[in-house]
Amino acid sequence: MKNFKLRLPVFLWLLMAGLVMRAQQANPLREVSVASPDGDVRLVFKVDSQGVPTYSLSYKQKPVIKTSRLGLELKGAPGLMDGFSLAAADTSTFDETWTPVWGEESKIRNHYNELLVTLDQEAQKRQLKIRFRVFDDGMGLRYEFPLSRNLNYFVIKEEHTQFAMTGNHTAFWIPGDYDNQEYDYTESRLSEIRGLMQKALTYNSSQTPYSETGVQTALQMKTDDGLYINLHEAALKDYSCMHLNLDDKNFVFESWLTPDAQGNKGYMQAPCVSPWRTVIVSDDAREILASRMTLNLNEPCAYDDVSWIKPVKYVGVWWEMITGKSSWAYTSSLPSVKLGETDYSQTKPNGYHAANTEHVKRYIDFAAANGFDQVLVEGWNEGWEDWFGRSKDYVFDFLTPYPDFDLKGLNEYAHAKGVRLMMHHETSSSVRNYERHMDDAYRLMKKYGYNAVKSGYVGNIIPRGEHHYGQWMVDHYLYAVKKAAKYKIMVNAHEAVRPTGLCRTYPNLIGNESARGTEYEAFNGNKPFHTTVLPFTRLVGGPMDYTPGIFDIKLDFLGNRPHKQVNTTLCKQLALYVTLYSPLQMAADLIENYEKHMDAFQFIKDVAVDWDKSLYLEAEPGDFLTIARKEKGTSRWFVGGITDENARTAEFRLDFLDPSKKYVATLYADGKDADYQNNPTDYRIKKGIVTAKTKLSVRLARSGGFALSLVEATPENSKGVKKF
Ligand code: NOJ
Ligand code: CA
């Protein structure tokens, strides 16, 4: 237990030796503390004079979380809020290194000191435990509910976990919402959240805020004295997703769970636990990105055989529907189409149904020619004529293709070329209908050789009144992932609850959307700083299917129709393959748009999707990022850099390269005149020999970026290539 700094009253050492001490004894036990392995993060737990459990947290002696209360209110039963005494405090230390199936690095260290407090609620004759894990990069805490006569079945009215901030920090936030996460971020002081809430909501939502100061996690903050603080949760299972409500006079956040249709927040049976509530902290923004705490707080992999889980690079029949060029639906004959009653072979095609055999073949050919693993096809199945907005229960059966989609033939065509099709299950949030069809749907996939499904939950949930982030849906998302595993199917769920590191336990959860993705660039735009914020917020919980790679930035392919542009340069799109980590990456644009820039497209072809190592070279939330990653199992490195609405110069050394080797570097950078609004497709490609001693300085245009690939030099690939 080297470095384990415990500043405990003498009598606590007795406890640690395994002696159980009752708090009611002459010397009541009220306060315990535990520090991180390196001693920088320190947690103090205290029971106050009212018997309220509290904690506080510091980093390098600076306060991070001031004294904050812990507890839960129950429905129809006395709360787990006060009247507690500290019955026992057990500490331990843990250090392991584990191997993720896929990830930002191939080995992850999980090293923490733990404090488990047992609290007696004498008046109710029951106990509550709170487990704290303190890591070098932060702290996780969770409630544990031991079974007792007076704590067996219970309903949560509200969880009251507080995070008391030390000041009016800068925050990168999106509004609290039970059904939508797809907001643009707002950067503001905590005190400004209330005033900016309406604007943040109306920017893209029809939802009403449940609170004027409610925000979603992961919430990234920055203090005036240079601390980066991130609040989120880990291992969200069989519980409602947490929002944070701010008391903006005192800067205290408090948990606010997503309710069910009846307003309740969780149905529990002891023994059980809550998800972890997490605080990641550092004085270096790059360390927030390097943190693996969220994954570490999840259980190890639940599957024995993971050989069927593989990272995926894919193209798809998709962007054309999102931009309105084509449709998911086969007919336009609304409102006469009813699933199961309509003979689609007799209906009139609308003439712009994209998921047709000929068109899909073109995507399969393109995927095969350019080394992609899969082709996503949306709109292949019957039901898209009135797919959402009407709260229809029986929308899709996930089984029946439209008459112009040759399910069997296309799969055979793809497999013959070494490509797979990616299944699409839009549920339109008729979740009971999806569950009813799920086994048949997965069985159909197996029959035709699909091994990955993109699922989606657009619209209001059926059962009506349930919310996307409530316990009922949280249970559904995991049910779908676990059931898919039985069929050896990987899941990429859109609109599902924001991830909390569950992919460690269930690595077939290969992707999630759960935030504002590229699709909004076709609706009303993403702010130029959006992708510099996501790694500090949404990606803290797990990878995102952001669907980058748009090359026709002005959306010229739409002709004269009114359209917005994508707020990016072309090189920024390339950089996103490195800066937005995902083992599932799409090249989202149309084939014809790639064909105009095959030299730049080369980077998307080359870039890896699974990594041995990731290095965060430069980072500032909301401003810029430069990240370098080494491909798993090879010596190739890829570097990506992006910036917000301000141009900048990225400066970094290649000292991560093997010093005994030379590398061929290919740099894809914004051109001299590049600008995301005026000249987004101006780029330059430069090739040269580099070594670990090379220092690079790359100019990024406004909302621009760069991508760099580094391949070990061989006589063949370096012939005629000069020093960089
Ligand atoms: C929303 C998803 O984010 C998008 O990718 C998908 O194409 C549509 N839903 C239709 O399922
Ligand atoms: Ca979406």
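Whatever order the structure lists them in is the order used to number ligands and atoms, beginning at 1. Note that the numbering runs from 1 along the sequence shown for the chain. When reading the values below, keep in mind they use all heavy atoms of this one structure, side chains included, and skip hydrogens, waters and symmetry mates.
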Atom nearest to the Ca ion (ligand 2) - Glu519, N, O or S atoms considered: OE2
Is the shortest side-chain N to carboxylate O distance from Lys417 to Asp365 below 4.0 Å? yes
Centre of Phe523's six-membered ring, under 6.0 Å away, within 45 degrees of the axis: is that where NZ or CZ of Lys564 sits? no
Indicate whether the side chain of Glu378 and that of His425 have a donor and an acceptor atom separated by less than 3.5 Å. no
Of all N, O or S atoms in Glu495, which has the smallest distance to the Ca ion (ligand 2)? OE2
Plane angle bin for Phe529 and Phe172 - parallel if under 30°, tilted between 30 and 60°, otherwise perpendicular: tilted
Centres of the Tyr577 and Phe603 rings: under 6.0 Å? no
Using 30° and 60° as the class limits, which term best fits the ring planes of His353 and Tyr402: parallel, tilted or perpendicular? perpendicular
Contact set, ligand 1, heavy-atom distance under 4.0 Å, ordered by chain/number, equals Trp318, Ile322, Trp328, Glu378, Trp384, Trp387, His424, Glu426, Lys454, Val458, His494, Glu495, Glu513, Glu519
Which atom, among the N/O/S set of Glu182, is closest to the Ca ion (ligand 2)? OE2
With a 6.0 Å cut-off (strictly less than), is the heavy-atom count around CZ of Arg390, excluding the residue itself, greater than 12? no
